[in-house]
Amino acid sequence: DEAKRRHAGIAFVGEIGTEPAHEQLSLIGDMREAMVNGDFNLVYQPKQALQAGRIVAAEALLRWRHPQRGMIAPSLFIPFAEQTGFIREITPWLLESVVRQLSSWHESGLDITVSANLSALDLLDPGLSVRVRELLERYAVPPGRLCLEITESALMADPTVALAHLADLAALGIKLSIDDYGVGQASLAYLKMLPVHELKLDRSFITAIHKTPRNAAIVESTIMLAHALGLIVVAEGAETEAEMRWLVEHGCDVAQGYFIARPMPAQQLPGWIASFRLLEAS
Ligand code: C2E
Ligand code: MG
Ligand code: MG
Ligand code: MG
């Protein structure tokens with residue numbers, strides 16, 4: 001995994017995260033600047049409820065337009081931000097941006113849930129749930145509109161502390177989602193204790209699902225298991241009509257993927273949803 005990341009890093013931006021110490025320091029400086037001068041920004045990818053056909057949610061995804069290196073994918077700088085602890089500065093900014101955006105969409109009558117991604121370090125932060133509560137109050141956002149996505153590997157960094165902090169978050173009334181579900185190392189015994197609302201199946205299971213019986217078996221049984229536990233299932237990375245049809249036919253609740261839409265700037269989302277509804281209705 002590390003080797004793959006390094007390889008991708010070289011291909012895209014030079015050896016991000018593996019550079020000499022002074023280069024890493026300058027990258028941290030660059031990230032700090034990026035937050036101030038708007039080179040970090042969020043794009044939003046719609047999530048569609050498969051039975052009703054409606055767009056019910058969107059995921060906020062971070063983008064970094066570096067002045068010299070160009071666009072840097074989150075898969076490259078998020079791990080670096082995690083290793084250096086800089087994620088502790090990104091997440092508060094991220095949460096405030098998302099809650100502010102939610103509040104403006106809520107005021108304009110756009111009824112969607114918005115999710116944000118958390119890292120392992122965020123889950124260890126004892127101040128996280130207080131921060132989230134204060135943001136929801138300050139921006140008058142109903143807690144149920146916010147969803148936080150957490151990967152299994154982030155949970156496993158310290159499962160006991162993560163469980164306690166997730167319980168605090170769940171008590172606020174926000175939604176919690178297990179991201180990249182099925183590729184991590186969390187046991188079912190652990191997962192059943194978590195106060196989560198949805199399982200988000202990793203894209204690797206969804207790709208070509210209609211012609212990959214082993215993936216189909218995994219997804220079908222996950223849907224049954226999740227429904228039996230009262231959870232909803234989100235499929236990530238649906239790229240084709242055939243994959244979408246399979247998901248609808250097998251009772252998957254929600255899908256997100258390029259077939260529906262790519263992540264887009266916040267200003268585009270309301271218009272995109274409106275035209276999507278018109279299209280559905282016609
Ligand atoms: P993720 O949370 O699993 O997000 C889904 C990723 O899959 C996104 O990549 C999205 O653009 C991509 N995707 C969605 N539909 C499709 C599809 O149909 N086909 C393909 N090939 N890809 C699809 P992105 O934006 O590059 O983000 C990658 C990862 O970086 C995210 O995975 C998440 O783990 C992390 N990330 C992104 N933004 C943040 C953030 O604000 N905070 C933290 N901690 N992590 C973030
Ligand atoms: Mg996610
Ligand atoms: Mg995911
Ligand atoms: Mg993923």
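Atoms within each ligand, like the ligands themselves, are counted from 1 in listed order.
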Under 4.0 Å, heavy atoms only, figure out whether ligand 1 is touched by the backbone of A116, its side chain, both or neither. neither
So for E82, does at least one of its heavy atoms come nearer than 4.0 angstrom to any atom of ligand 1? no
Which ligand 1 atoms does P263 reach within 4.0 Å, using its non-hydrogen atoms? 11 (O)
Is ligand 1 under 4.0 Å from a heavy atom in the side chain of V43, in the backbone, in both, or in neither? neither
So, S115 and the Mg ion (ligand 2): N/O/S under 2.8 Å, yes or no? no
Do you know which N/O/S atom name in E59 is closest to the Mg ion (ligand 2)? OE2
Side chain, backbone, both or neither: which part of R203 has a heavy atom under 4.0 Å from ligand 1? side chain
Is the closest side-chain donor-acceptor distance between H165 and D122 under 3.5 Å? no
For E239, take its heavy atoms, then give the atoms of ligand 1 lying under 4.0 Å from any of them. 17 (C), 18 (O), 19 (N), 20 (C), 21 (N)
Close approach, R262 and ligand 1, non-hydrogen under 4.0 angstrom: no
D179 vs N117 side-chain heavy atoms within contact, under 4.5 Å: yes
Under-4.0 Å heavy-atom contact with ligand 1, by part of N117 that carries it: both
Any N/O of D122 closer than 3.5 Å to an N/O of ligand 1? no
Under-4.0 Å heavy-atom contact with ligand 1, by part of T91 that carries it: neither
Compute whether any side-chain donor of one residue and acceptor of the other, for Q268 and Y44, lie under 3.5 angstrom apart. no
For atom 22 (N) of ligand 1, which candidate among Y181, Y258, F259, W64 provides the closest heavy atom? Y258
Quick check: S75 and ligand 1, any N/O pair under 3.5 Å apart? no
Any heavy atom of S119 sitting closer than 4.0 Å to ligand 1? yes
Classify the ring geometry between W64 and H66 as parallel (under 30°), tilted (30 to 60°) or perpendicular (over 60°). tilted
Looking only at N, O or S atoms, find the one in D179 nearest to the Mg ion (ligand 2) and name it. OD2
Applying a 4.0 Å heavy-atom criterion (strictly less than), which segment of L62 is in contact with ligand 1: side chain, backbone, both, or neither? both
Taking N or O atoms only and a 3.5 Å limit, does D180 qualify as a polar contact for ligand 1? yes
Mind checking whether F40 and W93 have parallel, tilted or perpendicular rings, split at 30° and 60°? tilted
Could you check whether any heavy atom of R63 sits closer than 4.0 Å to an atom of ligand 1, since that is the contact criterion I want to use? yes
With rounding to 10 degrees, what does the angle E149:OE1 / the Mg ion (ligand 2) / N117:OD1 come to? 100°
